[in-house]
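Sequence lines set the chain letters: A, B, ... in the order given, protein chains first and strands last, and positions in each chain run from 1.
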Amino acid sequence: MNYFPDEVLEPVFDFITSHKDRNSVSLVCKSWFKIERYSRQRVFIGNCYSTCPERLIARFPGLKSLTLKGKPHFADFNLVPHDWGGFLYPWIEALAKSRIGLEELRLKRMVVSDESLELLSKSFVNFKSLVLVSCEGFTTDGLAAIAANCRFLRELDLQENEVDDHRGHWLSCFPESCTSLVSLNFACLKGEINLGALERLVARSPNLKSLRLNRAVPFDTLEKLLMQAPQLLDLGTGSYVPDPSSEAYNRLKSAIQRCKSIRSLSGFLEVNPRCMSAIYPICANLTFLNLSYAPGLSGNELTKLIQHCRKLQRLWILDYIGDKGLGVVASTCKELQELRVFPTDPLGAGNAAVTEEGLVLISAGCPKLNSLLYFCQQMTNAALITVAKNCPNFICFRLCILDPIKPDPVTNRPLDEGFGAIVESCEGLKRLSLSGLLSDQVFLYIGMYAKQLEMLSIAFAGDSDEGMLYVLNGCKKLRKLEIRDSPFGNAALLEDVGKYETMRSLWMSSCEVTLGGCKTLAEKMPSLSVEIINESQQMEFSLDDRTVDKMYLYRTLVGHRKDAPEFVWIL
Amino acid sequence: MAYEKDLNLEATELRLGLPGTSEESAEKQTSATLRSNKRALPDMNEGSVSGDNHSNVAAAKKCDQETASPTKAQVVGWPPIRSYRKNCLQPKKTEAETARIYVKVSMDGAPYLRKIDLKGYKGYPELLKALEDMFKFKVGEYSEREGYNGSEFVPTYEDKDGDWMLVGDVPWEMFTNSCKRLRIMKGSEARGLGCVV
């Protein structure tokens, strides 16, 4: 390796694109570290507090694409207070001052202010791509700045963000000279859109491949947009409530026939179920169908639609499809790799329309299934064992029984054996979420078999510290562990403190770790940041015996963060 | 949840009340949490979890089992669904409260009428299921051509113009805006509307 000059190694490294591989390459020797860092264009930071902008800029001067994640995963479920952290602004500020030519920014669970969006839009001439997932803190004013100032913008992708909608002039802020758009997704915006501006924008964007509209875009506009953009690969309708006797509906039917490239379909936020047949012509080529925000359909209409989708690889739906409907999916979608079934009624008294039967049918019909998110009424060990046998290729298995401590309804036993079968059979399993009645036994199985497991979510499970210890000791590749409402305490937490340095983060809430235990951990491991989130203000710092409400710890290169709010104690 | 198979004595029980009402539904919800002896769900108030009780969490919570059941649906952060999704699929409380549409529902042969809030349902399947449960009957299979096939019960409604219409023909929103009252027709009368029994 010493015989090759840098110029030879650089192009070789260009072929190495995955973050993991690049990280490994940089550890080989000093010379490789140097070459790698100068040639690195894409950086992924899974926890924005594990490092700081200055270190990023210093190490990777050629940075073009940055991915940042902020709040812990359980923030999605309201377990983390709003102002906990994850602010984008300091990153943009630092990057703007540097010579970095940022082109792409992908954020997840970050707090993004309008100021940061404005600064972003003005600081990087070649900025091309902004993807925001599950973020908050910005308004349509920030989007207006992006539209107005990013002259070469290709991608604006907003997924499931909480945006304060000041009612749309932002779309009109795309200048007439902007013709570079490839992807535009504003489905999560709640407010009105300037429809004329939208139509003109699409008309002058010949490279537009992905378009996802919000609820405020009516059917008539959809029809016009499709006429302008038959080259689309990915379509998200807004509202789909045509008048079946109208000319517009007929025009849509012919426009759809011309859209031969659509492979991905979503939306139908409001829908006239009688008019879904217009969509059938594009179903044959669909690889991704997301109807998880379409409560207006019935199980029958959904099933009828799916029967046309023989090439589906990914399917996201609501549980009104029912077990029988899942049977139809199983017999139709032989290429299915990913299935997500969400509850139609998230706050209902746990009356999901799917049970273990639907899942068994899917597993029997779709042997390529490798990723599952399944909200259901109940699950049995027998079903899970069958699923494990039918589908040994699971990489991601997330099961959510709506009653989180429900046992196997047939045997009244915990679901230990069922999940045990899953981890034993699926040797490549990287992500697992458990639910249902579970004892320490399930963790014994996880520690024994889940050798590739990287992320584990536990809720209302286990009997004792043993459970957590099985996992910490057995899962060598564990990166993220999140636990709520389970009886794990200091003994488990403190048994192997070095383990946490090999992980990105650990979350424990409503468990039995005490303040004293957390303090001990923080003392022993200065390379970790141990945060106590103390909303109720009931805890006094001196009372070590008190159990901690919420603890979040993560490894970090830069010590304690300076932007923590009052209710967060960093030990 | 395992229920003992009973002799269905309820069917022959004499009591006051509209056919179809029962105490079963209330039972279903409370027995769910009592059934499990492992761990009860935490109290609604998250703040009190780390409160005065220093002892074993599971033991402490066992005492709360009896009172935990009504809060089952309100455990913070459960089911684990992004708030964005929850807000999309579940309209905010205040909106729903101000927009209630109560209509009378009559069924041929029943001694008195009921009232339901049309805004409480997201679509026809939910509404029909609720009516079926309320009056203990079943509608047939709906098709645009033939109406409801396979049952002597047909759901109809009176619209703004005073006409009696078949439930299910127009989009849901259009229906809720124009429906003044509902009537579940039975038997020979229903045939007049095109129902084939």
Open item on the list: So A/Leu318 and B/Leu89, do their side chains get closer than 4.5 Å, heavy atoms only?
Closed with: yes

Task: Heavy-atom proximity to chain B below 4.5 Å, by part of A/Glu162 - done: side chain

- [ ] Heavy-atom pairs under 4.5 Å with chain B are the metric here; pick the option from A/Ser134, A/Pro295, A/Ser433 that has the most.
- [x] A/Ser134

Open item on the list: Need one label for A/Phe342: side chain, backbone, both or neither, based on atoms under 4.5 Å from any heavy atom in chain B.
Closed with: side chain

- [ ] Heavy-atom distances under 4.5 Å only: say whether B/Tyr142 touches chain A with side chain, backbone, both or neither.
- [x] side chain

TODO: State, yes or no, whether a side-chain contact exists between A/Phe375 and B/Pro79 at a heavy-atom distance under 4.5 Å.
DONE: yes

- [ ] Look at the side chain of B/Arg85 and the backbone N and O of A/Glu160, then say whether any donor-acceptor pair between them is shorter than 3.5 Å.
- [x] no

TODO: Select one option (side chain, backbone, both, neither) describing which atoms of A/Asn272 are under 4.5 Å from chain B's heavy atoms.
DONE: side chain

Open item on the list: For the interface with chain B, which of A/Cys275, A/Ser292, A/Ser298 has the highest count of heavy-atom pairs at distances below 4.5 Å?
Closed with: A/Ser292

- [ ] List the steps, then state whether side-chain contact (heavy atoms from CB on, under 4.5 Å) holds for A/Val241 with B/Glu173.
- [x] CA-CA 10 Å; A/Val241 190; B/Glu173 298 262 332; over 6 Å; no

Open item on the list: Can you tell me how far apart CG (B/Asn87) and NZ (A/Lys190) are? Round to the nearest 0.5 Å.
Closed with: 7.0 Å

TODO: Nearest 0.5 Å please: distance from the NZ atom of B/Lys122 over to the CG atom of A/Asp345.
DONE: 4.5 Å

Task: 4.5 Å side-chain heavy-atom contact, B/Pro80 and A/Asp76 - done: no

- [ ] Measure distances from A/Ser457 to the heavy atoms of chain B and classify the residue's part below 4.5 Å as side chain, backbone, both or neither.
- [x] neither

Open item on the list: Quick check on A/Arg413: does its CZ atom have over 12 non-hydrogen neighbours (other residues, nucleotides or ligands) under 6.0 Å away?
Closed with: no

Task: Part of A/Asn300 lying under 4.5 Å from any heavy atom of chain B - done: side chain

Open item on the list: Please give me the minimum heavy-atom distance between B/Trp78 and A/Ala459, naming the atom from each residue.
Closed with: CZ3-CB, 3.6 Å

Open item on the list: Rounded at 0.5 Å granularity, tell me how far CG in A/Asn78 sits from CD1 in B/Ile81.
Closed with: 11.0 Å

Open item on the list: With a 4.5 angstrom heavy-atom cut-off, is it the side chain or the backbone of A/Cys188 that approaches chain B, or both, or neither?
Closed with: both

- [ ] Taking atom NZ of B/Lys129 as the centre, report whether more than 12 heavy atoms of other residues, nucleotides or ligands fall under 6.0 Å from it.
- [x] no

Open item on the list: Please classify the contact between A/Arg215 and chain B as side chain, backbone, both or neither, with a heavy-atom cut-off of under 4.5 Å.
Closed with: side chain

Open item on the list: With a 4.5 angstrom heavy-atom cut-off, is it the side chain or the backbone of A/Ile401 that approaches chain B, or both, or neither?
Closed with: backbone

Task: Row check, A/Phe77 ring normal vs B/Arg82 NZ/CZ: under 6.0 Å, within 45° - done: no

Task: Pairwise distance CD(A/Glu270) to CH2(B/Trp172) - rounded to 0.5 angstrom - done: 14.5 Å

